[in-house]
Amino acid sequence: MDATLLHTDVLVIGAGPTGLMAGAWLQKFGIPALVIDPKSGPTRESRALALQARSMEIYRQLGLAEKVKERAVPAGELRPGIGARSFKSIKLNRLGYSQTAYAGLTMLEQSANEELLSEQLAAGGHEVLWGHGFDSLQDTGEHLLIKCTGPNGPVDITASYVIAADGAASPVRESLDINFEGNTNDEVFYVLDAQGVTGTGSGINLRFSEENFMLGFPMGPGADGAQRRRLLGILHDPATASQRPDIDEDRARNNLREEFGIRYSSAAWFTTYRVHHRVAEHFAKGRVFLTGDAAHIHSPIGAQGMNTGLQDAHNLVCKLADVLTGRMPESYLARYEAERRPVALRLVATTDKLFAAATANTTLARLVRTRLLPMIWPIAIRLMGRIPAGRRAFGYLSQIRIHYWMDDGAADRATLATGFARTRRRGAVLGRRLPWVPNRSGEYPDNFEVLNDASWQVHVYGPLGRKRGQTLADEYSVPLHEFAPAPKRSLPDGSVLLVRPDMFVAHFEVASA
């Protein structure tokens, strides 16, 4: 049978949240693209659950933030505890209210994210090609040739670029012989979406016992009004896990009841899995780019995985748009790996350490969890909202404190400037996400509103920077936007910023009178 022939500028392989986000952004930029996936449709299981503030900001740029909020459950507090006892909660929304319009976490399961993004693509006339499995990839020099198998037989697709968002097993990554470096933990997680839950406190629950821990996320009321929650923990008998799901769920149910006083009536979804901490050796090879789980996987502690994939897609597509429109040379695409792989390495290292601390079964670890934590928590909760460390912690959790070195020599120059071989002093603004500044009395509700068109632009804060800002805007042929100074956000009068479409600051200076 002759293969069906298709051509596009960008082919996205994989229609999970990362691939669909890439497709939605390609559509926003008007770039011809196709999204393929071997599945018959969006994921039905809930899977990943939480959206961090940074992901909500990206949804806002797509015009989807309000639709997300309509379907989602907000979670503004983290409540730790020991056994069946809950402590006073950390108010995440209070820690983050001055840093983002989306303080706290937004609970919207993976399946709903996929539905929302699929609907966005379909509304723009770009249906996902479901039932199309990847077979092989060849660089002909002129273009990439991707061979697939579709519902009606073989399909050959030529493309200028490929975005691989095809999951942790990633056939594309395997075909490119890119190592997936890391380890697999011996412990086995269970994760279940429970209905009719009792025994949990409000918000996000994190509880410890001598030998176990439990994470609980709110999912809102079910059809009968009873509470639904995502519950995660550990099965301490790896030899039998995943062999009999019914037995595994019984063990998880007993563990929740006996160690944490939590009961539920039924489970809408239950699975077990081992935790992997891995990062691809490279995020790109030629004109093929790895994103999401194809590039990095790690512990679910911290609810970072899906969010990191969404942000991979955002970062990469903004760069592809600059290259395809001629604003940047093709060499600019190397910035994707330079920026996003360090983020993945730090994330995997952090979640690995947190997972190890939460699951350690040593005498010292049990003592810290069950004896020391109850003593220090009342002090910590009083200090958390009053010291910068609390706000920084929210920034890391919400992924709004990510820092990029904006060129290949920036880190070395920063190291030399400090005089310390291992110190890299990062700028307060340059290379970071644009500091968010609410503005209730001006033309815009905040300084992110103008970024919804996803363009390069110059921002000026205060009249002192107006002349220099106009010069910079003329130099780069980009729009200029003026705002009031915001000294508490490192934007004093005279601040002039060149802001990328992905909200990161590519140039920063403070003009004087």
Side-chain angles (χ1 to χ4, degrees), residues 1-27 31-43 114 117-118 121 126-182 276 278-297 309 312-313 316-317 319-320 323-324 330-331 333-334 336-337 340-341 344:
M1 179 186 294
D2 292 338
T4 300
L5 300 177
L6 300 173
H7 177 75
T8 188
D9 283 357
V10 182
L11 175 65
V12 181
I13 302 176
T18 300
L20 291 169
M21 179 63 80
W25 272 93
L26 289 162
Q27 179 176 268
I31 298 170
L34 294 174
V35 182
I36 67 171
D37 193 287
K39 302 193 303 291
S40 60
T43 300
E114 292 185 16
L117 291 167
S118 296
L121 282 170
H126 296 87
E127 296 278 358
V128 176
L129 299 181
W130 299 108
H132 286 69
F134 167 81
D135 294 328
S136 66
L137 184 152
Q138 177 187 358
D139 190 338
T140 69
E142 185 177 346
H143 53 241
L144 298 171
L145 172 62
I146 302 90
K147 290 186 175 292
C148 306
T149 301
N152 300 315
V155 178
D156 288 354
I157 304 173
T158 58
S160 299
Y161 301 98
V162 166
I163 297 175
D166 52 342
S170 186
V172 176
R173 187 190 64 237
E174 293 293 321
S175 75
L176 298 174
D177 294 322
I178 295 177
N179 292 330
F180 204 32
E181 302 167 337
H276 305 273
R278 299 183 183 277
V279 178
E281 184 179 13
H282 298 290
F283 278 21
K285 188 170 184 178
R287 289 177 288 170
V288 183
F289 302 87
L290 305 181
T291 58
D293 287 354
H296 45 78
I297 53 173
D312 288 345
L316 175 57
V317 173
K319 289 176 170 54
L320 285 169
V323 170
L324 288 167
E330 191 171 45
S331 59
L333 296 175
Y336 169 66
E337 178 171 324
R340 294 304 298 173
R341 191 167 185 271

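Computed from heavy atoms alone, side chains included, the values below leave out hydrogens, waters and symmetry copies.
Between Glu337 and His282, the closest heavy-atom pair is OE2-ND1, 3.4 Å. Considering all non-hydrogen atoms of both residues, Gly131 and Pro151 come closest at O-CD, 3.4 Å.
Residue Met21 is tested with Val317, Thr291, Leu117, Val12 for a side-chain contact (heavy atoms from CB on, under 4.5 Å); the sole match is Leu117.
Considering only residues two or more places apart in sequence or on other chains, Glu127 meets the side chain to side chain donor-acceptor pair (under 3.5 Å) condition with none of them. By the side chain to side chain donor-acceptor pair (under 3.5 Å) test, Thr158 is found to be paired with His7, residues two or more places apart in sequence or in another chain being considered. With sequence neighbours excluded, the residues forming a side chain to side chain contact (heavy atoms under 4.5 Å, CB included) with Ala15 are Leu20, Val35, Asp37, Val128, Trp130, listed by chain and number. In this structure Lys319 satisfies the salt bridge (charged side-chain N to carboxylate O under 4.0 Å, His left out) test together with Glu339, sequence neighbours excluded. Residues that satisfy the side chain to side chain donor-acceptor pair (under 3.5 Å) test with Ser160, not counting sequence neighbours, are absent from this structure. Partners of Arg341 under the side chain to side chain donor-acceptor pair (under 3.5 Å) rule, at least two apart in sequence or in another chain, do not exist in this structure. Residues passing the side chain to side chain contact (heavy atoms under 4.5 Å, CB included) test with Ala280 are Arg173, Ile178, Phe180, Phe283, Leu290, sequence neighbours excluded. Applying the side chain to side chain contact (heavy atoms under 4.5 Å, CB included) criterion to Asp156, with sequence neighbours excluded, gives Ala3, Leu5, Leu145, Lys147.
Taken from CG in Leu320 to OH in Tyr336, the straight-line distance is 10.0 Å, to the nearest 0.5 Å. Here Ile157 contributes atom CD1 and Leu129 contributes atom CG; the two are 6.5 Å apart, rounded to the nearest 0.5 Å. Remark: Asp177 CG to Lys285 NZ distance equals 5.5 Å, nearest 0.5 Å. Rounding to the nearest 0.5 Å places OG1 of Thr4 at 7.5 Å from NE2 of His132. Summarising the geometry, atom CG belonging to Leu26 is positioned 9.0 Å from atom NE2 belonging to His126; distances are rounded to the nearest 0.5 Å. From Leu137, atom CG reaches atom CD1 of Ile146 across 5.0 Å, with rounding to the nearest 0.5 Å.
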Please walk me through it: do Val155 and Ile36 pass side-chain contact (heavy atoms from CB on, under 4.5 Å)? CA-CA 11 Å; Val155 178; Ile36 67 171; over 6 Å; no
Kindly determine whether Asp312 and His296 satisfy side-chain contact (heavy atoms from CB on, under 4.5 Å), including the steps that lead there. CA-CA 11 Å; Asp312 288 345; His296 45 78; 2.6 Å; yes
Show, in sequence, the C-alpha distance, side-chain angles and deciding distance for Leu144 and Val288, and conclude whether the side-chain contact (heavy atoms from CB on, under 4.5 Å) test is met. CA-CA 9 Å; Leu144 298 171; Val288 183; 4.0 Å; yes
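Applying the salt bridge (charged side-chain N to carboxylate O under 4.0 Å, His left out) definition to pairs two or more places apart or across chains, none involves residues 3-14. The stretch residues 16-27 participates, sequence neighbours left out, in no salt bridge (charged side-chain N to carboxylate O under 4.0 Å, His left out) pair at all.
Checking side-chain atoms of Thr8 against main-chain N and O of Ala159 turns up no donor-acceptor pair under 3.5 Å. Of the possible polar contacts, one joining the Glu114 side chain to the Thr43 backbone as a donor-acceptor pair under 3.5 Å is found.
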Could you list the donor-acceptor pairs under 3.5 angstrom formed by side chains in residues 161-169, with sequence neighbours left out?
{"from": "Tyr161", "atom 1": "OH", "to": "Glu330", "atom 2": "OE2", "distance (Å)": "2.5"}
{"from": "Asp166", "atom 1": "OD1", "to": "Ser170", "atom 2": "OG", "distance (Å)": "2.8"}
{"from": "Asp166", "atom 1": "OD2", "to": "Ser170", "atom 2": "OG", "distance (Å)": "3.4"}
{"from": "Asp166", "atom 1": "OD2", "to": "Val172", "atom 2": "N", "distance (Å)": "3.0"}

